[in-house]
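Take a look at the structure set out below.
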Amino acid sequence: MSSSGEGIKDYDLIVVGGGIVGLAVVAALAHTPVRVALVERRPFPQRPAADTRRVSALTAGSERILRGMGAAGALDPARAGPIRSMVIWDGDAPGALTLGAQEIGRERLGALVPNGEIAYALQESAGKAPNVDCYCPADWEELHGEGELAECRIAQSGASLRLRAPILAAADGSHSPVREAVAIGSAAWDYGQSAVVAEIRPQRPHHHRAYQRFLRGGPLALLPLPGGHCSMVWTLPRARAEGMRELSDAGFGQRLSRAFGPELGTLEAVGPRGSFPLGFQHARTYTRGRVVLVGDAAHTIHPLAGLGLNLGLRDSAALAEMVAEAHRTGEDPGSARVLGRYQRRRLPDNLLVAAYTDGLNRLFGEPGRFIKGPRGLGMNLLDRSGPLKGLLMRQGMGLMAGQGTLFRGEPLNGAGRPKD
Ligand SMILES: Cc1cc2nc3c(=O)[nH]c(=O)nc-3n(C[C@H](O)[C@H](O)[C@H](O)COP(=O)(O)OP(=O)(O)OC[C@H]3O[C@@H](n4cnc5c(N)ncnc54)[C@H](O)[C@@H]3O)c2cc1C
């Protein structure tokens, strides 16, 4: 107890934010000697709702990371649809790119998994570990990131508790209150677009192919779910996106079928539609004092390449590896040296992906005819480029993004390699 009568609990790591990225940091460290506190504002659901509107395309690299984190349950074929190939084409000019897993000797490029399933599998892995305390639902009221220890005061069920640790990870999303509290600025802009999401029943089989058509207002993606349906992410200027959400199912299906083209036959919307305003954000630094940013708190990117969460999972794997290693060697995990290492490891990958997703959105939103010709030519050349295409595919699949234990699909606690 402190002199003010408040309880104090000491940990090796505090994670604020129990979205997928925060849960991933905790799950990665489950059953290691590292003592972890997780603070999440919303209650954890008992079982994921069968919501196929919020799904994520996970790269093969992220599938490996999740296995290493003990969350292979999310990749069960009944819930996760394999993505075997992908076709990207320009809706405004000739130009197409086809990527097939077989071209680089693999069976799949990745998988499409409902977000609720990923969170639940990580929660199962993290929540049962003896070295993890989950404060949920709980919010922090005061936070300090400088000095000997990072501290945050939380309120839970009317009681106040001070949590202390040498390092505090902010996994509290795009508008990160922790990032703001420690005064880390960001480069940020609004795309003026929203992503409309829905589950779609196509007339023809999708053959586990992901489709992305670049239209002038933004890209339209249909991603293969198990059972023959697709998950749609359609980026549109914000006012048009709102209009789409308000259309009847029949009216929406007609607009969608027209915009997508004949490849999958008639497209029918199943269930309610959702919409998410899109913006870009990249923190000016990932660390301040003893605070480190992971996932959307560090970088929020356009969803057109389906890579935001994949980057967040790589952040969480890199951070967990560094904290476990510092604990093993007796190094201070919140020291400038260790946190600097984290930033050097994650910044190039995050910046590269943030820049090319932003660039693609601008390039394909550009109506000028002088840009359309080179754009189509570039896509067609890349399609026939052999080794360059293979390299880009491996990069896109996250197979070149890290070399640590979790990146190989192995757990940090050394409890044997999980099956692929
Ligand atoms: C339409 C759309 C489609 C997408 N598709 C893909 C895809 O296919 N593939 C992909 O890789 N990425 C995709 N993304 C990106 C991906 O969804 C995000 O990158 C990812 O969900 C970010 O996870 P996070 O855990 O960092 O943040 P969040 O999911 O925002 O989680 C933050 C957590 O912090 C908690 N929190 C906030 N403040 C506090 C506080 N004060 N105290 C305690 N807890 C707090 C919140 O309750 C929340 O649980 C998509 C995004 C959109 C919008």
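Positions are given from 1 along the sequence. We count ligands from 1, going down the list as the structure has it; atoms in each ligand are counted the same way.
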Considering only the protein, which heavy-atom contact is closest to [atom], and what is its distance?
| atom | answer |
| --- | --- |
| atom 25 (O) of ligand 1 | Val21 N, 3.1 Å |
| atom 28 (P) of ligand 1 | Gly173 CA, 4.2 Å |
| atom 3 (C) of ligand 1 | Pro303 CB, 3.8 Å |
| atom 1 (C) of ligand 1 | Ala195 CB, 3.7 Å |
| atom 17 (O) of ligand 1 | Arg54 NH2, 3.2 Å |
| atom 42 (N) of ligand 1 | Asp139 OD1, 3.2 Å |
| atom 36 (N) of ligand 1 | Asp172 CB, 3.9 Å |
| atom 29 (O) of ligand 1 | Gly19 CA, 4.4 Å |

Can you sort out which atoms of ligand 1 are near [X], meaning under 4.0 Å from one of its heavy atoms?
| X | value |
| --- | --- |
| Ala171 | 32 (C), 33 (C), 34 (O) |
| Gly295 | 26 (O) |
| Arg42 | 47 (O), 48 (C), 49 (O) |
| Val39 | 43 (C), 44 (N) |
| Gly308 | 10 (C), 11 (O), 12 (N), 19 (O) |
| Ile20 | 25 (O) |

Before signing off on this row, confirm whether [X] and ligand 1 have an N or O atom pair separated by under 3.5 Å.
| X | answer |
| --- | --- |
| Gly306 | yes |
| Ala57 | yes |
| Pro177 | no |

Checklist line | From CA spacing to verdict: salt bridge (charged side-chain N to carboxylate O under 4.0 Å, His left out), Glu263, Arg213 | finding: CA-CA 11 Å; Glu263 189 87 19; Arg213 183 170 200 198; over 6 Å; no
Is a side-chain donor or acceptor of [X] paired with a backbone partner of [Y] at a separation under 3.5 angstrom?
| X | Y | result |
| --- | --- | --- |
| Asp315 | Gly295 | yes |
| Arg209 | Met86 | no |
| Glu117 | Pro114 | no |
| His302 | Leu304 | yes |

Note to self: Working note: Glu321 + Arg345, criterion salt bridge (charged side-chain N to carboxylate O under 4.0 Å, His left out); need CA distance, chi angles, decisive distance, verdict.
What the structure shows: CA-CA 12 Å; Glu321 285 177 7; Arg345 192 163 159 193; 3.0 Å; yes
Margin query: Regarding atom 11 (O) of ligand 1: of the candidates Leu309, Val55, Asp315, which has the closest heavy atom?
Written below: Leu309
Note to self: Please state which option from Glu40, Arg41, His302 has its nearest heavy atom closest to atom 47 (O) of ligand 1.
What the structure shows: Glu40
Under 4.0 Å from ligand 1, counting heavy atoms only, is it the side chain of [X], its backbone, both or neither?
| X | result |
| --- | --- |
| Ser62 | neither |
| Val178 | neither |
| Asp296 | both |
| Ala138 | backbone |

Notebook entry, point to check: Is it true that Gly312 lies under 4.0 Å from ligand 1, counting heavy atoms only?
Noted result: no
Next item on the list: If the plane angle is over 60° it's perpendicular, under 30° parallel, otherwise tilted; pick one for Trp189 and Tyr191.
Entry: perpendicular
Next item on the list: Return the orientation label for the Tyr211 and Trp89 ring planes: parallel under 30°, perpendicular over 60°, tilted otherwise.
Entry: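 Aromatic pair Tyr211/Trp89 classed perpendicular.
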Next item on the list: Run the numbers on Asp332 and Val338 for side chain to side chain contact (heavy atoms under 4.5 Å, CB included), then give the verdict.
Entry: CA-CA 8 Å; Asp332 176 356; Val338 174; over 6 Å; no
Counting only pairs under 3.5 Å, give me each side-chain donor-acceptor contact of residues 243-252, with atom names and distances, residues two or more places apart or in other chains.
residue : atom : partner : partner atom : Å
Ser248  : OG   : Gly251  : N            : 3.0
Asp249  : OD1  : Arg273  : NH2          : 2.7

Item checked: Reference residue Val34; test side-chain contact (heavy atoms from CB on, under 4.5 Å); the match among Leu29, Val132, Leu412, Val26 ->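 Going through Leu29, Val132, Leu412, Val26 one by one, the side-chain contact (heavy atoms from CB on, under 4.5 Å) with Val34 is satisfied by Leu29 alone.
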Notebook entry, point to check: Which atom names give the shortest non-hydrogen contact between Pro177 and Asp172, and what distance separates them?
Noted result: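 Scanning both residues completely, I find the closest heavy atoms to be CD-OD2, 3.1 Å.
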Next item on the list: Give the minimum heavy-atom separation between Gln193 and Gly218, together with the two atoms involved.
Entry: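 Distance-wise, the nearest heavy atoms are NE2-CA, 4.0 Å.
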Next item on the list: Check the side chains of His144 and Glu146 for a donor-acceptor pair under 3.5 angstrom, ignoring hydrogens and angles.
Entry: no
Note to self: Tell me every residue that passes side chain to side chain contact (heavy atoms under 4.5 Å, CB included) with Lys128, counting only those two or more places apart in sequence or in another chain.
What the structure shows: Glu124
Notebook entry, point to check: Right, does atom 14 (N) of ligand 1 have protein non-hydrogen atoms nearer than 4.0 Å?
Noted result: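 Flag for atom 14 (N) of ligand 1 set to false, no protein heavy atom closer than 4.0 Å.
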